[in-house]
Participant: 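My questions will all concern the structure given below.
Letters go in sequence order (proteins before strands), and every chain restarts at 1. All values below were derived from every heavy atom in this structure, side-chain atoms included, with hydrogens, water molecules and symmetry-related copies excluded. Owing to the predicted nature of the structure, the values given are computational and were not obtained by experimental measurement.
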Number of protein chains: 2
Amino acid sequence: MSTPNEKKEVTIYDIAEALHISAATVSRGLKNHPAIKQATKDKIFAQAERMGYRFNTFARNLRTKRTYTIGVIVPRLNSMFMSDVIAGMEKVSNEAGYELIISQSLETMEKEMKNAVTMFNNRVDGLLVSLAYTTTGIDHFKRFMDKNIPLIFFDRVFEHPNCPNIVINNHKAAYELTSYLIQQGARRIMHIAGNLNRNVYSQRFKGYKDALSDAGIQFKEDWLIVNNLSAEDGIRTAKHICALTERPDAIFGANDTCAVACMQELRRNGVYVPKDMLVAGFNNDPIATVVEPNLTTVNYRGHEMGEVAARTLINLLNEGSEQQTAATIVLRHELIIRDSTRR
Amino acid sequence: MSTPNEKKEVTIYDIAEALHISAATVSRGLKNHPAIKQATKDKIFAQAERMGYRFNTFARNLRTKRTYTIGVIVPRLNSMFMSDVIAGMEKVSNEAGYELIISQSLETMEKEMKNAVTMFNNRVDGLLVSLAYTTTGIDHFKRFMDKNIPLIFFDRVFEHPNCPNIVINNHKAAYELTSYLIQQGARRIMHIAGNLNRNVYSQRFKGYKDALSDAGIQFKEDWLIVNNLSAEDGIRTAKHICALTERPDAIFGANDTCAVACMQELRRNGVYVPKDMLVAGFNNDPIATVVEPNLTTVNYRGHEMGEVAARTLINLLNEGSEQQTAATIVLRHELIIRDSTRR
DNA sequence: TTACTTTATGCAACCGATTGCAAAAAAATT
DNA sequence: AATTTTTTTGCAATCGGTTGCATAAAGTAA
């Protein structure tokens with residue numbers, strides 16, 4: 001245990017002394033307080049620069065009880081989508097003088113709870129969360145609400161009076177996609193869904209079902225398959241489908257990973273897409289453009305979602321608690337039609 | 001600007017008062033200092049629990065001048081590999097009582113420099129870095145070295161006497177892959193490389209070249225193509241290859257994204273893999289298993305790399321500066337042979 | 001010149017945990 | 001019982017900005 005930093009740090013007191021003014025003036029000058037004369041500010045900045053001063057966040061945090069830090073909890077960091085979300089958040093946050101602390105729940109509620117504790121102990125000013133696959137409630141965020149620490153959910157959200165949600169219209173997107181499949185001639189459309197406790201999957205399922213209904217097609221219970229949407233699940237589903245006596249003529253997977261794996265396994269079993277069966281996914285993952293045939297899917301931009309989430313949070317932090325904030329912000333999505341659904 | 005936290009925070013002083021002991025004892029008790037009697041510790045912990053005490057990091061940081069925070073700068077967070085790396089780092093760090101601050105350079109030196117400044121101002125105790133594509137030097141990390149803040153590079157590294165490197169043997173992996181291609185009958189093997197200033201790409205290139213040389217094959221300058229290894233670059237390269245009078249019989253791309261895109265474009269131009277040409281990549285990205293034919297590639301586990309990097313850094317932080325640390329740690333890799341190179 | 005604003009700066013008490021050193025309390029030894 | 005040793009605990013200064021309030025300086029009006 002040695003002290004890592006040898007040289008003594010320069011403080012505002014050192015600057016004050018060098019300029020024969022008070023530390024208070026230096027403190028105000030450094031953050032551009034209007035009560036300080038411009039000439040004085042200039043001198044302070046110059047001196048700070050000259051002495052190699054660096055601001056001490058902890059002294060400020062200790063005093064102000066704010067950390068200018070935003071916590072981010074996401075299921076995984078391994079998709080282009082998430083990478084974009086984070087990039088968008090970073091951009092907005094940094095411009096507003098906030099830092100990000102990022103952690104992944106790896107899709108388990110257990111880790112998500114641990115992450116929440118960590119964030120709490122790090123005293124983040126606010127929290128941006130996309131829920132894990134297995135999360136069943138949000139009690140682990142209760143301590144944040146108790147302390148009035150703003151909490152915003154994005155993408156995988158949870159409806160709660162205190163927590164704004166940033167989402168896309170999953171229902172509408174799924175509705176559009178399903179309607180399109182019907183329009184392509186499909187009648188027996190199966191849906192592979194994720195955990196229906198997660199809004200994204202329940203909404204997609206509902207959109208799918210409503211589209212069927214509106215087209216006069218009677219939904220059958222065994223058209224719905226719920227699993228973890230992993231590649232393995234996709235393969236399993238394909239095998240299941242091949243074993244059916246009455247096979248579907250289209251499959252709509254709630255994510256691309258699963259849809260692609262399923263489509264490939266179907267192919268290995270002699271089912272050709274799109275000739276014998278249409279397949280569509282959701283997310284516009286890079287693999288959708290690699291797989292043969294290219295996968296029809298729904299695209300939505302992560303960067304925008306990240307920006308909006310961060311901006312909403314920062315507004316909350318700056319304006320104080322007594323302001324009007326939208327309960328839900330819905331972002332754009334778009335249907336991307338590719339070969340996997342073209343007859 | 002309202003204070004977000006309404007209720008007064010509980011401090012060690014409150015606990016001390018409640019138990020009629022001193023704050024110093026509480027402070028020591030809470031961190032299990034051996035000089036405190038077990039009975040006293042028990043009372044302290046119980047009281048802390050009862051009062052809803054939470055530790056104030058900033059007061060400690062201010063005092064100890066350590067933050068128990070590790071900075072991580074990576075090019076992007078969007079690969080399974082990076083996600084695993086981060087997960088590995090998180091695991092080791094959290095167990096050792098450290099937190100991670102993560103940021104992405106988005107492959108540009110400019111952003112990487114900004115990230116470095118941020119990390120510096122946040123006073124991370126140490127830094128884990130994988131360099132951006134366009135980074136040409138490491139002057140932006142000089143301030144860390146000046147202050148003796150440990151800096152460790154992983155994967156995309158930079159050799160510097162003060163900075164340990166965590167890598168795989170890129171030379172050997174590329175050598176093995178190339179040798180395998182030769183063994184499959186390939187004689188005119190092209191290599192698509194990334195920026196040769198990055199160790200990973202220069203080493204892979206060198207391994208490729210040495211394998212050719214050892215097999216008695218004369219390397220030709222125009223077998224080397226350097227680009228950004230993006231999908232677009234892969235397509236461009238494929239077109240370039242199709243226009244050649246003497247086409248290669250195998251292509252070794254320095255990452256999977258580029259190799260896959262190239263392979264697909266070749267196919268669109270009537271070149272069939274593996275019949276007409278063998279193709280291999282590097283990284284074992286998910287798309288390698290999705291593309292048809294499946295891509296031969298090199299796998300290495302990110303989780304392990306993240307763990308090792310974090311552990312190495314934490315050792316440095318704990319043991320102080322006067323210890324022996326390996327300059328370079330080399331991790332395992334494995335060749336994954338799939339259909340894209342099977343005749 | 002005096003009185004009143006407006007603008008700039010300084011004082012000093014925080015924020016909450018840490019730790020070297022001294023002293024008190026308890027245990028062991030003579 | 002007195003003394004020495006060991007174990008526990010407390011004192012008080014410290015880390016470095018922040019900010020309400022007071023005061024000084026400069027500017028304007030009367």
Side-chain angles (χ1 to χ4, degrees), chain A residues 1-45 47-48 51-68 97 121-123 125, chain B residues 1-45 47-48 51-68 97 121-123 125:
Chain A
M1 294 286 183
S2 73
T3 319
N5 308 343
E6 336 269 27
K7 295 163 210 154
K8 200 112 174 65
E9 288 284 340
V10 179
T11 73
I12 55 169
Y13 297 101
D14 301 325
I15 299 176
E17 195 178 13
L19 295 175
H20 306 293
I21 59 180
S22 78
T25 304
V26 176
S27 171
R28 293 197 177 95
L30 284 174
K31 48 172 150 146
N32 234 344
H33 192 287
I36 304 294
K37 216 195 320 187
Q38 189 56 47
T40 313
K41 283 181 192 167
D42 293 344
K43 269 189 271 178
I44 292 171
F45 278 115
Q47 186 67 22
M51 298 176 78
Y53 167 79
R54 69 169 171 164
F55 183 75
N56 188 320
T57 325
F58 312 116
R60 175 188 57 184
N61 290 351
L62 179 59
R63 187 60 230 245
T64 62
K65 292 160 175 271
R66 293 189 58 176
T67 63
Y68 295 92
N121 288 335
N122 277 318
R123 300 187 189 217
D125 287 344
Chain B
M1 293 284 181
S2 72
T3 317
N5 309 345
E6 335 270 27
K7 296 164 210 153
K8 202 108 174 66
E9 287 285 340
V10 179
T11 72
I12 53 170
Y13 298 101
D14 301 324
I15 299 176
E17 197 178 9
L19 294 175
H20 307 293
I21 57 178
S22 78
T25 304
V26 175
S27 171
R28 293 196 178 97
L30 284 173
K31 48 167 145 148
N32 234 343
H33 192 287
I36 305 294
K37 212 192 328 183
Q38 189 55 47
T40 313
K41 283 181 191 169
D42 292 344
K43 269 189 269 176
I44 293 172
F45 278 116
Q47 186 66 21
M51 299 176 79
Y53 167 78
R54 68 170 172 164
F55 183 73
N56 188 321
T57 325
F58 312 114
R60 175 186 56 182
N61 290 350
L62 178 60
R63 190 57 230 253
T64 61
K65 292 159 177 272
R66 294 188 60 175
T67 63
Y68 294 90
N121 288 334
N122 276 317
R123 303 191 185 211
D125 287 344

Participant: Quick one: pull up OG1 in T11(B) and CD in E17(B) and give me the separation to the nearest 0.5 Å.
Facilitator: 9.0 Å
Participant: For R123(B) versus R54(A), what's the shortest heavy-atom pair and its separation?
Facilitator: NH2-O, 2.9 Å
Participant: Going from CG on D125(A) to CZ on R66(A), what distance comes out if it is rounded to the nearest 0.5 angstrom?
Facilitator: 5.0 Å
Participant: Got a list of side-chain donor-acceptor pairs under 3.5 Å for residues 18-29 of chain B, not counting sequence neighbours?
Facilitator:
residue, atom, partner, partner atom, Å
S22(B), OG, A24(B), N, 3.4
S22(B), OG, T25(B), N, 3.3
S22(B), OG, T25(B), OG1, 3.1

Participant: Five pairs per end, C1' atoms only: what is the angle between the end axes of the helix from dT1(C)-dA30(D) to dT30(C)-dA1(D), to 10 degrees?
Facilitator: 40°
Participant: Within the 4.5 Å heavy-atom criterion, are L62(A) and N56(B) side-chain neighbours or not?
Facilitator: yes
Participant: Atom CG of L30(A) and atom P of dG17(D): how far apart are they, to the nearest Å?
Facilitator: 8 Å
Participant: Using whole Å, what does the distance between atom P of nucleotide dG17(D) and atom CZ of F55(A) come to?
Facilitator: 7 Å
Participant: Where along nucleotides 8-15 of chain D does protein come under 4.0 Å, by heavy atom, of base (B) or sugar-phosphate alone (S), with - for untouched nucleotides?
Facilitator: BBBB-BBB
Participant: Between the protein and nucleotides 22-24 of chain D, which nitrogen or oxygen pairs come in under 3.5 angstrom?
Facilitator:
none

Participant: Taking heavy atoms of chain A and a 4.0 Å limit, find me the 5'-most and 3'-most nucleotide of DNA chain C within that range.
Facilitator: dA8(C) to dG16(C)
Participant: Do the side chains of T57(B) and Y68(B) get nearer than 4.5 Å, heavy atoms only?
Facilitator: no
Participant: If you compare all heavy atoms of T67(A) against all heavy atoms of F58(B), which two are closest, and at what distance to 0.1 Å?
Facilitator: CG2-CZ, 3.0 Å
Participant: With a 4.5 Å cut-off on side-chain heavy atoms, are K31(B) and R60(B) touching?
Facilitator: no
Participant: I need the CD1-C1' distance between I15(A) and dG17(D), as an integer number of Å.
Facilitator: 11 Å
Participant: Return the CG to CG distance between N61(B) and N61(A), rounded to the nearest 0.5 Å.
Facilitator: 8.5 Å
Participant: Is there side-chain contact between Y53(B) and D14(B), with heavy atoms separated by less than 4.5 Å?
Facilitator: no
Participant: May I have the list of side-chain donor-acceptor pairs in residues 37-45 of chain A shorter than 3.5 Å, sequence neighbours left out?
Facilitator:
residue, atom, partner, partner atom, Å
Q38(A), NE2, D42(A), OD1, 2.9
K41(A), NZ, N32(A), OD1, 3.2
K41(A), NZ, H33(A), O, 3.1

